[in-house]
Structures are given as C-alpha cells and as structure tokens.
Amino acid sequence: MPYQPQRIEPKWQRFWEEKRPFRAETGAAAPKYYVLDMFPYPSSAGLHVGHPEGYTATDIVARYRRARGFNVLHPMGWDAFGLPAEQYAIQTGIHPRVTTMQAIENFRRQLKMLGFSYDWEREISTCDPSYYRWTQYIFLKLFERGLAYQREELVNFCPALGTVLANDEVIDGKSERGGHPVYRIPMKQWLLRITSYAERLLRDLDRLDWPESTKELQRNWIGRSEGLRARFPLRGPVAGDIEIFTTRPDTIFGATYLVLAPEHPLVTRITTPEQRAAVEDYIRRTSQKSELARQEQVRDKTGVFTGAWALNPFSGEDIPVWIADYVLPGYGTGAIMAVPAHDERDYDFARAMGLPIRRVVEAHQGDEGAYTGEGVAINSGFINGLPTPQAKAAVIRWAEEHGIGHSAVQYRLRDWLFSRQRYWGEPIPILHLSDGALRAVPEDQLPVLLPEVSSYEPTGTGQSPLAAIADWVHTVDPVTGQPARRETDTMPGSAGSSWYFLRFCDPHNDREPFGMEAARYWMPVDLYIGGDEHAVGHLLYARFWTKVLYDAGLCPVDEPFQRLVHQGMILGEDGQKMSKRFGNVINPDDVVRKYGADTLRVYEMFMGPLERDKPWSTQAVEGVYRFLQRTWRLFVAEQEQEPAAGEKDPAGSQGQEGPVRCAVDEEEPRPEDLRLLHKTIRKVTEDIEALRFNTAISQLMVFVNHFTRHGRRPRRCLRPFVQLLHPFAPHLAEELWELLGERELLARAPWPDFDPQLARDELITVAVQVLGKTRGQVEVEPGASQQEVEQLARQVPTVRNHLEGRTVRKVVFVPDRIINFVVS
RNA sequence: GCCCGAGUGGCGAAACCGGUAAACGCAGAGGACUUAAAAUCCUCAGCCGCAAGGCGUGCGGGUUCGAGCCCCGCCUCGGGCGCCA
C-alpha cells in the first residue's frame, strides 16, 4: 500500500481532537515551556503559505519539548478586530462579526489540517466580548494611572470623504481614494503615554534574547538623544522666551536665527503686524500639507520671518525668529536654534533665505556645505579651543548656572495615538459628563458592548459610526445619575494583541484578565516566533502594556518575550513577493490536498534557514514528498501480488484497504547502523534546539537513504527514528509508530537518548596538506597520534610528490582533522 | 543620506571553535527494471584540461602553516528609517 497522507492525516487529527494530548496544565510540576506564534489576523483569503512556516517551527519545538518532559503551553487565537472586515461591511452591509467568524472558522480548519499541536481549549479571539472586556479593563488601568489621556492632535481629515485618514491613505495632500483635499486639523484624540516608559523600554532591551537588528530598530524608534534645553529671551514688544532643544550645545555661538514650527503656540503672539499676512498664509499652506507631503520636499526649505527677534544669550546677539515646516511641532520644544554652519538643514534654509552662516567648529575640510562632525570650538567665547564633548559640557554648565537652560533627554518616540473613528474595535470605556469631565465606566459594567448599527459608513463629521446611535451614546453617569455621553471612538487593532499572550495563561478567567498565579507559572514566553514587520509596532506596544501591568501589580514579569525569532518570507516561485498581482500565490489547501500536511511542513522547514527569505519551488516539494514516501516504504512491506485471485479487478485494488504489513524486523543492527542512528539523534536534537530545521531534515534523509540502500530494517534503529521524525511529520510518524505495534500515542513518548560511544567512528579520514593545500588523505583510528598519521601521510603518492626535494620545516597536526606539512 | 541583513555550483542550500568547500534536496546526464512510459533503484556531476595539474565561496588587499569563516578597503542586491534639531 502506498503512502496516503489523505488517509493518515485526518485519522490522527481526529485522535488528537479526542485524546487532547496537547493540553497544557497550569501549575504542573514539570518545567514549563511557553512557545508562542504571533496570532493571525483571520482574513477572508485564508491561510497563506507564509503562516505555516513560523507555525511549523513552533510546533516542532512544542512537540520536541513535550517529548523532553516539559509542560508545554502552545496556544492559538485570533487578532480579530480590524479594518478589512469593516471595509467589507461598508460595501456589503454584512456585519463584520459574521465575516470575521467565517474567516476564523476557515483559519481554524486550515490550522487543524496542518496538524499543529495547539491546546485548542485556550483559543481566544480579541473581538469576543469575554476577551475585550479585559482589554477595556486594562485601558481603565492605564487611565487610572494617567497613562491614557485626550489631547488635540493634528489628524488628516478629508471633508469630501467625511473621515479621518491614516498617513498612508494621504498622498500629496490628497486622499488616496478620490484625490480629494485633506487638511491637517486638530481633533480630540486618545493617546497612551508610552513616552513615559521610553527609558525602560530602551534599557530593558539589553536583557532580551532578540535579534540584534530588531533591538536596534526599537532603539532607533525610541530615539534617545541627550542635549540642552535653553531659553532665548524675546526682544521687542512681546515678553517671554523661546525654549529650544539641541543636541549640539557646543555650537550655540553659531546660532544665527531661531525657527519655530508653524504650529508653535507662540507664533501668533510674536508675529509683527507687517509679517502677519505672510505668516498666516504660510501656516495655512502648511496645514494643507499632509505629513507625507511635508516629508517629500525634504530639501526645498520654505519658511517665513515672523518679524520677532530674540537674544542669543551666549553670543549676546539679536537673532531673527522664523517659522518653517522643517521644524516639527511634535518633537522637543517645537523650536530650534539654527546653526547653519554645522547643520545641513539649517544650512539649506540659511542659503535659501540669505541668513548669516557662522563657523564655530574648526573643520578640516573645505567650506562647502555644513560641517556636522566634531572638532575644536572657535569663535565661541569661553569655550574656544575645547573639543566638542567638553564644549558641550561647558555650555550646559554655563546655561544651568545662569538659569537659562538645563541638560535634557529627548525621545523620538511619540505617545501612542489610541483612538480610531471606526466601528470594528473595542469601544473605549469612558463616559463624558455634561460638565466635560470624564468618567471611567465602572469595572463591573464591562464590557461596553459594541452596539448593532445599521450602517458602517463614516458619519461625515470625522466621528465613528457609533456616534450615530443616539440611544447608545446617551446614557447616565452611574455615579451621579446625570446624563452622560459615551465615548464613541474605538481602540486600534494593536490593543488586543498587546496582552493576548497573558490571556493564554488563563483564558477562561471571568474575574480578572488573567490570574497572577497562572501568569507566574507560564510567563515569560520562552520562544516567540513571528514576522519582523512587527518589530516596532506590536512588539513595542506589548512590552509597554506588560510593564504597565507589572507596575500595577497585575503581572509578574515586566518583559513578555524572552526569546524572539523572525521567520523569513516565503517568496513566489519567481523570487518575487507572493501577490495576486504577480499570479504567484501558493495556497496551502492545494498543497495539502496533493501532498499532505506532513509534506508541506517538512518542505517549508527544509527550504532553508528559518530566518531567511526563500523562494517556493514546487519541484522541491515533490522531492520532500518522495522522501516521505521512501520513509513509508522503509516501514511498510511491499504488498505481495496475489497470483490468480488478483484477476478480478486490478484497478480497484487501490480502493480496498489491504492490510498494511510492518516491514521492520528484529535483526540485530550492525555497528554502522547504530552509529548512524546515534549521529542522527545527536544532530536532530542539536538542530532542533538551535532552530536549524533544514539540516535536521537532511540528516533524517541521510538516515532513510542508508537503511533503504542496504535493505536493513532493524527495529532498534527504526523505532527511535520515528520519534525523531515526529516533530516534523507528526501524522506519518504516529502512523508508523502504530504500525510498530506501539500502544501509547507517539505524541506522549519520551525523546530518544543519544549514546556518544555508539556514535563514534571506527576510522576517520584525515586530510593531508602540503603548504595548506590538500594533497591527499589517510584513514586512521580516532585519536591517532601525530607520529602515526605523519608516517602514513608521507606514504601517500600525491603527498610524496609534493614533498620530493623539499625540506619539511614544520608539521601542523590537528587530531582527527588535518596534518599540514610546511615545506621550503 | 543613515541603519540593518545578505552575496557559496544551473537552483534551494551545507560546512560546529579558522582545518578535505559544496552534505541534503531540486534540476541534469548515463544505466537497470519495463513491450513502452510513469514510478523505483544504481552511477556520474564546481569550472578549465586528454592528463599531470591549475582555478574556485561578490571584488581588492592583509593576518595565518591553513581563511567561505578573522581584519582593512570597496562592489552588488534586499529590507527598514527618513528634515527628530
């Protein structure tokens, strides 16, 4: 009987479904291991072949760890709130819950079809009220701690579409769809104060076992910089001063003008009557530019003089105050001192506007452009002659002594814009009282359920569709009984995913988000695998929430993911990104139908290193399929042709289930068989630990090739092999395990032991080099001495030729590896 | 511009700590089995060369008895960030 994954796989999946061998037991005595996938957004398109890559990797680790006696938590769930379902609802009127549920059904079916050993009893979905109740609860914890607040924030509002747009939906100041004008208008938005965790988020990266590139990305994103905050007093009619931030206090004597962001609150006050028209016009033009448009014209510096002047407290000069959109309102103080000689942006601006440029750092190059490097201070009063680091310190000290400034740390990280004017998300559990005060919805009234709506269309006022449901919006304050309005904004998609790994520890808890004890047992996640596209979004937000919960005494750890690995991308057969546009999309359903889940799993792991991008190859899939067939044939006896009786229907014999006879025998294995077995145990074990699945599989292939070639099938070798195969191809392995007459589920069998004695080679090939070039080789016993090897090596003809007529000056000998004759 | 990552046969890749470069697989060639084909099995295969031999891990140097691996200087490709003062 041939290898038939279509018969084997559903059989074992049913088994696992009934016997539940993958259930994780909180608090068990065995050491715990928490291995987690980034849970998917269940799109209507179904699983992509990229999903099973990371999921197979974690499944191998989960199955391996169980075999190693660990109590493994390996859960799965759904990141189920989000835009696509809502967009679809706007077009069709079908409730996002309906389409989301369908997508989840489909995803679950596909994941089960791939034989992943999830503990399905812990399945969660972020759009389930029993889950988002606790997302809202955590929001309230943030609110209580002053970490959630409302602020006027500039948003991209498109009056024609009646909605707020995300930055990437705005191109050149116009909406991506329709090309309508978009304005930067202030609207009240919810934000989370992630910036107050910037320092810890940065510092704690050091103790995480994450890819260095990802840590670096987060460091850049947080963007810590040290410098000086200083006040420049205003000259003229308006009193006050302008506070700036600089990382180059040593260049302050070269500050020849100040620049404010056009949105800076001081602008209207300090603008002189003569300049008012120009300034107002410039502000208006800026507000019409989207963030993106502003970034596109990096080099074209524009700006307007406000008419105001300020004192440079260091140089004692009066310098003009300008506004320009190259200064961002959200960073630092929204104002800068411009040092055109030593800052490229200031230089460009000064050249464009004809402003003075004064050198204050000695440069070793010509006078073209700005010199931004370090050097010795010149034209700088009391810091003349000081190298940059000391000059910085001296300026900061002077500023502090004279009360005009102080050293400061700035982060590029912004607070997390947390409101969405959307329907399909968690309602923000806040009430607005008539006097403008905010009231948290009491915890015992959570969840604030998403109401049913008749239309998912934007309201046209920039508010969420929830705002149109009058009887939902209007409620009463539970404390005073006064009328109150509900917050109609919802949370972003990244809310639910910022704590799901905690909920998995205790997914059915209906008194709290998760029990402290359960979290103490399971957390942190020991291995987290997912794409690197979440390097700064999800992974930063999840760290932030974990720290907040930790500070609130609700979570035992302050870092959620101890070890993180990114799987690479699976590209199309043409080497391009898989996309409908290129017509190169591979559907996992098709692959499983044709070759089975085990082939898909083994193939994806065999393609190459987990973390690398790799192109799909249907032919290489065939190769893996052949390997599994060969494995099958190693265990299953050839069906003997029934002589005369077989006449009846040769074609139909495929359909009837003849008895599968086990070909494994009780022969004593030969030494080389045992040697290969133990080498295989060692290699597969080490490779799984190091997530080198591709080389583990190649070793399994070597094993099968060996036993197939020699036609030997000793149980003592083949039984442990099935265990090694199991994490990679669990269905086939279970089937073979049963065929071997085993009673227990393979999924519960312990990992085979490796015996170094049995893995030892009898003879080892030692390479013989002359002057570092390989000229021959000799066979010796392991651990052979230099004398023995050298003597043999000198006999080798090709070696002898190269030693002829030369003097051996030195012999380099590395036991069991090489011997190198250095001659002259 | 800046920051990461990667360059090894026709292709995906392997090579542990600096020690025989190319394991394993795909594609290819030849053979066995077959009436034939498919499947399967066996053999070959980096490049140049009849051979001896030479050349070979993006390029150029260096260190070393010995470099795919370490150091210096480049090149190419992929990804990310972009006026953050």
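Below, chain A is the first sequence line, B the second, and so on; all start at residue 1.
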At under 4.0 Å between heavy atoms, what does [X] touch on the DNA or RNA strands: base, sugar-phosphate, or nothing?
X: A:Q619; answer: sugar-phosphate
X: A:G223; answer: nothing
X: A:N694; answer: sugar-phosphate

Exercise. Please confirm whether A:Y603 and A:Y595 have ring centers closer than 6.0 angstrom.
Key: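 So the answer is no for these two rings.
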Self-check item: Over-ring placement of A:K301 relative to A:Y326, 6.0 Å and 45° cut-offs
Solution: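 Verdict for A:Y326: a cation-pi partner in A:K301.
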Interatomic distance at [atom1], [N] relative to [M], whole Å:
N: B:rG46; M: B:rG68; atom1: C1'; answer: 15 Å
N: B:rA15; M: B:rC24; atom1: C1'; answer: 12 Å
N: B:rA51; M: B:rA45; atom1: P; answer: 13 Å
N: B:rA14; M: B:rG62; atom1: C1'; answer: 28 Å
N: B:rC70; M: B:rG5; atom1: P; answer: 12 Å
N: B:rG82; M: B:rC47; atom1: C1'; answer: 45 Å
N: B:rC42; M: B:rG56; atom1: P; answer: 36 Å
N: B:rC16; M: B:rA6; atom1: P; answer: 15 Å

Quiz item: Want to settle it: does A:V822 or A:K683 sit nearer the 5' end of RNA chain B, counting the closest nucleotide to each?
Solution: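 Closer to the 5' end of RNA chain B: A:K683.
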Practice problem: For A:G330 and for A:T708, locate the closest nucleotide of RNA chain B by heavy-atom distance; then report the residue assigned to the nucleotide nearer the 5' terminus. | Solution: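 Of the two residues, A:T708 wins.
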Looking at [X], does any N or O in its side chain come under 4.0 Å of the phosphate oxygens OP1/OP2 on [N]?
X: A:R626; N: B:rC26; answer: yes
X: A:N820; N: B:rU20; answer: no
X: A:R775; N: B:rG54; answer: yes
X: A:Y331; N: B:rA85; answer: yes
X: A:S225; N: B:rA85; answer: yes

Tell me which nucleotide, if any, is Watson-Crick or G-U wobble paired with [N] when both distances must be under 3.5 Å.
N: B:rG19; answer: B:rC65
N: B:rC83; answer: none
N: B:rG12; answer: B:rC24
N: B:rC41; answer: B:rG31
N: B:rG60; answer: B:rC72

Given [options], which nucleotide is nearest the side-chain atoms of [X]?
X: A:K810; options: B:rC65, B:rG12, B:rC26; result: B:rC65
X: A:M701; options: B:rC26, B:rA14, B:rC24; result: B:rC24
X: A:N705; options: B:rA21, B:rC24, B:rC4; result: B:rC24
X: A:K773; options: B:rC65, B:rC55, B:rA14; result: B:rC55
X: A:Y326; options: B:rC83, B:rG25, B:rU20; result: B:rC83
X: A:R633; options: B:rC41, B:rA14, B:rU20; result: B:rC41
X: A:R612; options: B:rC83, B:rA13, B:rU20; result: B:rA13
X: A:V812; options: B:rC55, B:rC65, B:rA13; result: B:rC65
X: A:F606; options: B:rC26, B:rC3, B:rC24; result: B:rC24
X: A:I818; options: B:rA85, B:rC3, B:rG19; result: B:rG19

Expressed as a whole number of angstroms, how long is the span from [X]:[atom1] to [N]:[atom2]?
X: A:I697; N: B:rA14; atom1: CD1; atom2: P; result: 12 Å
X: A:E533; N: B:rC4; atom1: CD; atom2: C1'; result: 16 Å
X: A:K577; N: B:rG79; atom1: NZ; atom2: C1'; result: 9 Å
X: A:R709; N: B:rU43; atom1: CZ; atom2: P; result: 6 Å
X: A:R817; N: B:rC65; atom1: CZ; atom2: P; result: 20 Å
X: A:Y603; N: B:rC26; atom1: OH; atom2: P; result: 12 Å
X: A:Q769; N: B:rA67; atom1: CD; atom2: C1'; result: 11 Å
X: A:L217; N: B:rC4; atom1: CG; atom2: P; result: 11 Å

Exercise. Only one of A:T251, A:T246, A:D250 passes side chain to side chain donor-acceptor pair (under 3.5 Å) with A:R248; say which it is.
Key: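 The single option meeting the side chain to side chain donor-acceptor pair (under 3.5 Å) with A:R248 is A:D250.
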Quiz item: Are A:T631 and A:Y3 close enough that a side-chain donor and a side-chain acceptor fall under 3.5 Å?
Solution: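 Checked: A:T631/A:Y3 side chains show no N/O donor-acceptor pair below 3.5 Å.
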Quiz item: Do we see a donor-acceptor contact under 3.5 Å between the side chains of A:Q699 and A:T680?
Solution: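 Per modelled atom types, A:Q699 and A:T680 side chains form a pair under 3.5 Å.
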Exercise. Indicate syn or anti for B:rC17, taking the glycosidic torsion and treating anything within 90° of 0 as syn.
Key: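 B:rC17: syn glycosidic orientation.
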Practice problem: Check the chi torsion on B:rG9 and let me know: syn if it falls within 90° of 0, anti if not. | Solution: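 Classified syn.
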Quiz item: Among A:E573, A:E53, A:E604, whose salt bridge (Lys or Arg N to Asp or Glu O under 4.0 Å) with A:K614 holds?
Solution: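 Per the salt bridge (Lys or Arg N to Asp or Glu O under 4.0 Å) rule, the option paired with A:K614 is A:E53, out of A:E573, A:E53, A:E604.
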Self-check item: More than 12 heavy atoms from other groups under 6.0 Å of CD on A:Q6
Solution: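 Correct, the count exceeds 12.
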Quiz item: What's the verdict on ring pair (Phe, Tyr, Trp, His ring centres under 6.0 Å) for A:F349 and A:Y257, showing C-alpha distance, side-chain angles and the deciding distance?
Solution: CA-CA 11 Å; A:F349 190 75; A:Y257 58 97; 5.7 Å; yes
Quiz item: Could you walk me through whether A:R675 and A:E672 pass the salt bridge (charged side-chain N to carboxylate O under 4.0 Å, His left out) check?
Solution: CA-CA 5 Å; A:R675 196 177 308 131; A:E672 66 260 39; 5.6 Å; no
